[in-house]
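I have a structure here, written as structure tokens, and I will follow up with some questions on it.
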Protein chains: 2
Amino acid sequence: MTDKKEVEGRYAYEGLDRVLHEKARLGIVTSLAARADGLLFTDLKNLCNLTDGNLSRHLTVLQEAGIIDIQKGFRGRRPQTLTRLTDGGRKRYLEYITVLESVLADAVDAAKVARRAKKVMPEGFSPA
Amino acid sequence: MTDKKEVEGRYAYEGLDRVLHEKARLGIVTSLAARADGLLFTDLKNLCNLTDGNLSRHLTVLQEAGIIDIQKGFRGRRPQTLTRLTDGGRKRYLEYITVLESVLADAVDAAKVARRAKKVMPEGFSPA
DNA sequence: CCTTTGGCTTTGCATGGGAAAGTAGTCGGC
DNA sequence: GCCGACTACTTTCCCATGCAAAGCCAAAGG
């Protein structure tokens, strides 16, 4: 049965964290999620194909959101920035990917349903 | 083995379609993906919890991107807008969710790895 | 020295999302 | 047959934000 009734806000995806739902930031955080020992600015730059300025900006955003922790130090005499996920950040990330999973589940369902649907005009609809 | 070597751009996610990778639009397109017979403006508004203006704007973006197809008509004497995924749009959406799947795979990997990693300072790193 | 390179930060711009206001036609009451 | 509320969108505006280019500073190197 093709039950037309759907829940309001069914596809609102309120849980999709704005800070994390972002190409660049998603890449950054995913890189970091795998490494409890963190990553250096330069590594991140290469892994995510970001420009310096870009990365800098996103790191600031993530830090201000409390998702990452930035430690400025030195390697020999050159400055080096070490970034890590905070515990809270990791939690938030996990929540985010949970929502993503449900989006994906919807998508897969949608793809399945689509294959057996037929294209019709809605009842009483007359084109302009 | 904790192989440090990673591919450049490993987490760049170039394939993450900007038009689709968007809370609101993602909801809209996912709603539409399940229904070959399309959805009305009002339905979409409710399903995605969007304001009229918001929805209108996103629909225009999606239409201009060739992802959806908008038909303006009437139901009785009231105007009604019917939106549908185009074939190209559906394809693009499927590509998008494929990328999403790989992101998710990365994320799950990351979560697994994290549990057995230990927090250490990088070799030769001295805090500021 | 004086330039180049490495490692970031800052600035500036242009896009782009979202709230609010606007438009246009409809329905219902009196 | 006018008036106000409503339905169905569209347009306008503003602010946040992504991204690139330029800037900054210390350290090598010729």
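FYI, side chains are in, hydrogens and waters are out, and symmetry mates aren't considered; it's all heavy atoms of this structure.
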- Task: Can you tell me the distance, in whole Å, between the CG atom of B/Leu55 and the P atom of D/dT11?
- Result: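 Atom CG in B/Leu55 sits about 14 Å away from atom P in D/dT11.
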- Message: A/Val19 vs A/Arg25, test: side-chain contact (heavy atoms from CB on, under 4.5 Å). Steps then yes/no.
- Response: CA-CA 7 Å; A/Val19 179; A/Arg25 257 144 23 204; 4.3 Å; yes
- Between P of D/dA26 and CZ of A/Phe74, the distance in whole Å: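 These atoms are roughly 10 Å apart.
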- Between D/dA20, D/dC9, C/dA19, spot the one nearest the side chain of A/Asn54, thanks.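 Looking only at side-chain atoms, A/Asn54 lies closest to D/dA20.
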- Integer-rounded Å distance: D/dT17 C1' and A/Leu62 CG: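 Going from CG in A/Leu62 over to C1' in D/dT17 covers 13 Å.
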- Item | Partners passing ring pair (Phe, Tyr, Trp, His ring centres under 6.0 Å) against A/Phe41 (at least two apart in sequence or in another chain) |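 A/Phe41 satisfies ring pair (Phe, Tyr, Trp, His ring centres under 6.0 Å) with no residue once adjacent residues are dropped.
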- Query: Can you tell if the side chain of A/Asp106 reaches within under 4.5 Å of the side chain of A/Arg10, non-hydrogen atoms only?
  - Reply: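 Side-chain contact under 4.5 Å: yes.
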- Query: Could a donor-acceptor pair under 3.5 angstrom be found where the side chain of B/Arg57 meets the base of C/dG18?
  - Reply: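 Check passes, donor-acceptor contact within cut-off.
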- Item | Residue A/Thr51, side-chain heavy atoms: nucleotide from D/dA20, C/dG6, D/dA8 that is nearest |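 For A/Thr51, the side-chain atoms sit closest to D/dA20.
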- Query: Which whole-number value in Å describes the distance from A/Gln80 CD to D/dC25 P?
  - Reply: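 Those two atoms, CD and P, are 20 Å apart.
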- Atom NZ of A/Lys72 and atom P of D/dA26: how far apart are they, to the nearest Å?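 These atoms are roughly 15 Å apart.
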- Message: Measuring to OP1 and OP2 of D/dT10, would you say a side-chain N or O of B/Lys45 lies under 4.0 angstrom away?
- Response: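 Checking B/Lys45 against D/dT10: no side-chain N or O falls below 4.0 Å of OP1 or OP2.
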- Query: Taking atom C1' of D/dA8 as reference, at what distance in whole Å does atom CG of B/Leu39 sit?
  - Reply: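 Value for this atom pair: 16 Å.
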- Task: For A/Thr42, report the nucleic acid contact type (base, sugar-phosphate, nothing); a contact means any heavy atom under 4.0 Å.
- Result: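 Sugar-phosphate contact only - A/Thr42 comes under 4.0 Å of backbone atoms but never of a base.
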- Query: Between B/Phe41 (CZ) and D/dC6 (P), how many Å, whole number?
  - Reply: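 About 19 Å, once rounded to whole Å.
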- Message: Need one value for B/Ser56: base, sugar-phosphate or nothing, where a base atom within 4.0 Å counts as base even if backbone is also close, heavy atoms only.
- Response: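 Base: the residue B/Ser56, judged by heavy atoms under 4.0 Å, touches a nucleobase.
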- Message: Does anything in residues 14-27 of chain B come within less than 4.0 Å of DNA chain C? Heavy atoms only, and list the residues if so.
- Response: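 Contacting residues: B/Glu22, B/Arg25.
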- Query: Stepwise, does the side chain to side chain donor-acceptor pair (under 3.5 Å) test hold for A/Ser102 with A/Tyr13?
  - Reply: CA-CA 9 Å; A/Ser102 76; A/Tyr13 301 139; over 6 Å; no
- Task: Consider the side chain of B/Asp52, meaning its heavy atoms from C-beta on, and name the nucleotide among D/dT17, C/dG18, D/dT10 that approaches it most closely.
- Result: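 It is D/dT10.
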- Query: So does B/His58 get a side-chain nitrogen or oxygen closer than 4.0 Å to the phosphate oxygens (OP1/OP2) of C/dG18?
  - Reply: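 Indeed, a polar side-chain atom of B/His58 lies that close.
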- Indicate yes or no: at least one non-hydrogen side-chain atom of B/Leu16 is less than 4.5 angstrom from one of A/Leu26.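 Side chain of B/Leu16 against side chain of A/Leu26, heavy atoms only: contact under 4.5 Å found.
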- Query: Between B/Leu20 and B/Ile67, is any pair of side-chain heavy atoms under 4.5 Å apart?
  - Reply: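 A side-chain contact exists here, since the closest heavy-atom pair is under 4.5 Å.
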- Tell me what B/Thr81 touches on the nucleic acid: a base, only sugar-phosphate, or nothing, going by heavy atoms under 4.0 Å.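 Result for B/Thr81 = sugar-phosphate.
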- Find the distance B/Arg75:CZ to D/dA8:C1' and express it as a whole number of Å.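 Taking atom C1' of D/dA8 as the reference, CZ of B/Arg75 is at 14 Å.
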Indicate every side-chain donor-acceptor pair of residues 48-57 of chain A with a distance under 3.5 Å to a residue at least two apart or in another chain.
from    : atom 1 : to      : atom 2 : distance (Å)
A/Thr51 : OG1    : A/Asn54 : N      : 3.2
A/Asp52 : OD1    : A/Lys45 : NZ     : 2.8

